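One structure is given here, and the rest of the page talks about it.
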Amino acid sequence: MERVIKDKIFKGFVILFAFITISPIIMIIYKLVIKGYRQININFFMQNAPDTYEAMIALNAGKIIPGGILNGITGTLFMVIIASTIAIPIGLLIGVFLYENKNKFYANIVRDITDILQGVPSIVLGLIAYFWVVKSITNGFSALAGSVALAIMMMPLIIRSTEETLKMIPETIKEAGFALGVPYHKIILRILIPTSFSGLLTGSLLAISRIIGETAPLMLTALGSSIVNLNIEKPTSAVPLLIWEFYNDPNMVDLVWSSSLFLMGFVLFLNILSKSLNGECRM
Amino acid sequence: MKDLIIKIENPVLDIKNLSISYNKGKYAVTNVNAGVKKNSVTAIMGPSGCGKSTLLRAINRMHELYPNIEVKGKIFLNNNDIFLMSSIEIRRKIGMVFQRPNPFPTMSIYDNVIAGYKLNGIRLKKNKKDEIVEKSLKDVVLWNEVKNSLKKKGTFLSGGQQQRLCIARALAFKPDVILLDEPTSALDPIATKKVEQLLIKLKENYTILLVTHNMSQAARMSDYSMFMYLGELVEYGKTKKLFINPVDKRTEEYLTGKFS
Amino acid sequence: MSEKITKIILFIASFIIVIISAGMVLSLMSGAAPAFKEFGFKFIISTEWNPTEGKEQYGALQFIAGTIITSIIAIIICLPLAFSTSLFIGEYFRGTKLAKIIGTMVDMLAGIPSIVYGLWGFYVLRPLIVDLGFNAQGFGIITAGIILAIMIIPYATSISTEIIKMVSNELKEAAYSLGATQKDVIMAVVIPEARSGIFTSYILAFGRAIGETMAVTMLIGNTNIIPKSIFDTGNTMASVIANQFGEADGLKLSSLIAIGLILFVITGLINGLGKIMIKQFN
Ligand SMILES: Nc1ncnc2c1ncn2[C@@H]1O[C@H](COP(=O)(O)OP(=O)(O)O)[C@@H](O)[C@H]1O
Ligand SMILES: [Mg+2]
């Protein structure tokens, strides 16, 4: 029957297209692993990125390019820690505020603003951090500027995940606290936040995994550095910034694969970690 | 023992040794044998969870929507094995009405009635369509109520009207048998009465198989009644006889309200 | 007493996000002011981009065009793929292990950093475009559009899947009971029911595509012209900022910020629209 055949063909296309959709992830992981794994050794984590001259000598001698991405890893961690220190507490408080004020007019506005902020392209946040920090506070590219850009990116994610997590707590738990005469701030600190702790942790880890691969805003703010820098007022490298430098330098272009493999592995690791945490709390 | 299950001569539907399990080994319907009389209303009763819906859904092969279900036995429609026909064909010959009225919310009343034709990709001339819509809506006594709002969405109607619309939708294909799974359980008493009267009228042209957990409904309107318990067809006979003089102890207990 | 203090603290926190947003708008506007003062409305409709000192002239139309064209290409490519994938996960293989695996892989696509997409596009996709003879270098609108499509697929897919799963089983059964095939059910019940939700998911995905920076910057060819065909090179608003920010000051810097402001407004409008539609849908 013709209709039955059409039905089969349609299903065939759906399956085909679904497999086309996921094929890039397989191709990307394959490419990164095949081209990048050889470069990843102990030095990769212990040494700074080489300069173009060192790389050229190694290239000409047919050797593996020396050095690692220590300056990038430390820079990324440094900025992520600062950004989290800014964004997580504020985001948590705002999330609690939204949860407590549900559908009040002002809370709805705050929620709308949060959603719009979440959609702002990261490059625009880079511009903002450039104005607010590079131009006004540190008078030059700095780790702080990069962290501020990342913090503004993280904040809406933390706010919404906090609100969603708190919504899942049964109202009775809160009421039980009130019934015992527990003061309001203690209900938040001792009941709401601990009860939803794993959910909040998941939200934070996911937010971090989102910002960790960001490149564009850091180009406008942290700029990059050839050495490990832990001074918030100084320019700082980051793994994605290093990838960008390698990509633009013909002598070092071979290094893009290992650093990309590392970056993507780290992002996926955070993703899986956060999801498995969440899975545990639901069970 | 032969008194327990009535033998129907020349049945429209003939169910033979039918067993159905959702999970391997656990049977929701066990070894049912029954014929269904043409142009009659046959009620299927029994406490909730006894397998009424499962049995009914197998008759137009709706069970095939569940992946792990297993069916043993045979069902014949006018002596043709339904499992040898295509499911599309069988579902056109055996219509179904569900517990909750479910008109397609994105379609107008008009389109809901001829949804079967649309879904099956059958193109009809405008006047042929009009004819089918009018006939089907008249059959379910809905025509006068909706003839001026055929372009409106079916979901604007009251619950009872929606259910009659769903019956019209099932009638549009002129099926041999109509299966109804507790069609009035979501309706108020007045709407229920209208649907019941409608079904009694419809048996002139159709064969009706009605699942109900409401004994008095079965008593009021059916010609034949089946009583199921724990997946088993315990007793099946003329409704009057079954209600006045049940043979099996379990039927009697059910009818006197000992469980349910 | 403690209750009052807690409430005040929460309120102050909430006000921070209001200040950040208002501050962003103000900063972008004050940064963009010199460019708008110099060129006025012409900034938006002119395609002149001339940084030569003394003859400085800046217009953003080619970047706005580049952004919209790449994003439309992305959405066109994304549409059948994301839709099929949502049907795969939410309808055909719903609840199975296979659906879960595919779903996880789609989520993984969302986790890949933009710069990695850029690299993959440069080393794998671009040579393919060259081989196919579309374009000698392989850079351009089409290359950027394809990569963007892959990047936004997870967003469109995850929302559409949720919405397809929400379509009531009763309606699907009603259609099956009338003899519909699964394809008929999808066409006549699932799509009409889920239509507005699926449409919303594409709006939000479009909003994503508009702001993507790194991958596009690496693949679009970075020329300041209005593309005449999809095989031409070009620039998007985001890519021109990323590309030219380093060497910019004065009027040029202000023009880049003005482009940032336009980008901010456009994405804000699109996301706002998406949000309103989602609200209506719930
Ligand atoms: N989709 C399903 N999957 C697994 N078991 C089911 C399913 N539907 C019904 N059952 C089981 O089959 C038995 C009969 O159910 P059903 O036919 O719905 O009963 P009734 O319609 O008489 O209330 C019940 O034990 C029920 O739990
Ligand atoms: Mg039932």
Side-chain angles (χ1 to χ4, degrees), chain A residues 3-4 6-7 10-11 13-15 17-18 20-22 24-25 27-28 31-32 90 93-94 96-98 100 107 110 112-117 119-124 127-128 131-132 152 155 159 183-185 188 209 213-216 219-220 240 243-244 247 256 260 263-264 267-268 271, chain C residues 2-3 5-7 9-11 13-14 16-18 20-21 23-24 27-28 31 80-82 84-85 87-88 92 102 105-109 111-116 119-120 123-124 150 153 157 181-183 207 210-214 218 238 241-242 245 257 260 263-264 267-268 271-272 275:
Chain A
R3 283 179 56 228
V4 178
K6 273 191 191 161
D7 184 52
F10 186 79
K11 184 172 179 178
F13 270 105
V14 165
I15 294 173
F17 280 11
I20 293 177
T21 300
I22 54 139
I25 185 81
M27 291 197 273
I28 290 171
K31 185 96 182 169
L32 294 189
I90 299 177
L93 287 174
I94 302 178
V96 173
F97 175 83
L98 289 179
E100 289 292 326
V110 171
D112 288 344
I113 288 179
T114 308
D115 283 353
I116 288 183
L117 203 56
V120 175
S122 61
I123 184 109
V124 175
L127 284 176
I128 295 297
F131 266 112
W132 290 356
I152 305 178
M155 219 180 281
I159 295 173
Y184 191 57
H185 70 276
I188 294 175
S209 81
E214 277 298 332
T215 316
M219 287 162 57
L220 277 54
I243 298 175
W244 180 241
Y247 168 77
V256 295
S260 296
L263 182 62
M264 200 184 66
V267 172
L268 291 182
N271 260 300
Chain C
S2 103
E3 169 152 3
I5 293 173
T6 313
K7 283 201 163 151
I9 291 175
L10 289 180
F11 178 79
S14 78
I16 291 177
I17 199 123
V18 179
I20 289 177
S21 311
M24 277 172 65
S27 296
L28 286 174
L81 294 173
S84 299
T85 311
L87 283 179
F88 188 101
Y92 279 105
I102 300 282
M105 291 178 108
V106 173
D107 284 348
M108 282 166 78
L109 278 177
I112 297 179
S114 182
I115 192 161
V116 175
L119 284 177
W120 186 74
Y123 286 104
V124 178
I150 301 173
I153 276 174
T157 305
T181 61
Q182 194 160 15
K183 169 182 161 281
I210 280 184
E212 270 303 335
T213 313
M214 284 321 287
M218 292 160 84
I241 299 173
F245 187 83
I257 291 162
L263 184 58
F264 176 84
T267 48
N271 286 317
K275 202 178 139 104

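FYI, side chains are in, hydrogens and waters are out, and symmetry mates aren't considered; it's all heavy atoms of this structure. What you see is a predicted model, and the numbers here were worked out from it, not measured in a lab. Sequence lines set the chain letters: A, B, ... in the order given, protein chains first and strands last, and positions in each chain run from 1.
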Heavy-atom pairs under 4.5 Å with chain C are the metric here; pick the option from [options] that has the most.
| options | result |
| --- | --- |
| Met27(A), Glu214(A), Lys11(A) | Lys11(A) |
| Ile116(A), Val110(A), Leu32(A) | Val110(A) |
| Val96(A), Asn271(A), Leu263(A), Val124(A) | Val124(A) |
| Pro183(A), Ala107(A), Ser122(A), Ala216(A) | Ala216(A) |
| Leu220(A), Ile90(A), Thr114(A) | Leu220(A) |

Hey, could you give me the [atom1]/[atom2] distance between [X] and [Y], rounded to the nearest 0.5 Å?
| X | Y | atom1 | atom2 | value |
| --- | --- | --- | --- | --- |
| Ile128(A) | Ser21(C) | CD1 | OG | 10.0 Å |
| Asp107(C) | Leu268(A) | CG | CG | 10.5 Å |
| Leu87(C) | Phe10(A) | CG | CZ | 5.5 Å |
| Ser14(C) | Leu98(A) | OG | CG | 7.5 Å |
| Leu10(C) | Glu100(A) | CG | CD | 7.0 Å |
| Leu81(C) | Ile22(A) | CG | CD1 | 11.5 Å |

Under 4.5 Å heavy-atom distance to chain A, tell me which part of [X] shows up: side chain, backbone, both or neither.
| X | answer |
| --- | --- |
| Ile20(C) | both |
| Ile102(C) | both |
| Ile153(C) | side chain |

**Asked** Is a side-chain N or O of Asp7(A) found less than 3.5 angstrom from the main chain of Thr181(C), in a donor-acceptor match?
**Response**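 No, Asp7(A) side chain to Thr181(C) backbone: no donor-acceptor pair under 3.5 Å.
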Chain C contact via [X] - which portion, at a heavy-atom distance below 4.5 Å:
| X | result |
| --- | --- |
| Trp244(A) | both |
| Ile15(A) | both |
| Ser209(A) | neither |
| Ile25(A) | both |
| Ile28(A) | both |
| Val256(A) | both |

Among [options], single out the residue with the greatest number of heavy-atom pairs under 4.5 Å to chain A.
| options | value |
| --- | --- |
| Phe88(C), Phe264(C), Tyr92(C), Tyr123(C) | Tyr92(C) |
| Val18(C), Thr157(C), Ile9(C) | Val18(C) |
| Ile115(C), Asn271(C), Ile257(C) | Ile115(C) |
| Ala82(C), Gly207(C), Ala242(C), Ser114(C) | Ala242(C) |

For [X] against [Y], the heavy-atom pair lying closest together:
| X | Y | result |
| --- | --- | --- |
| Leu109(C) | Thr21(A) | CD1-O, 3.6 Å |
| Pro240(A) | Thr215(A) | CB-OG1, 3.4 Å |
| Gly260(C) | Leu127(A) | CA-CD1, 3.9 Å |

**Request:** Compute both the distance and the angle, then confirm whether Lys7(C) meets the cation-pi test with Tyr184(A): under 6.0 Å from the six-membered ring centre, within 45 degrees of the axis.
**Result:** yes
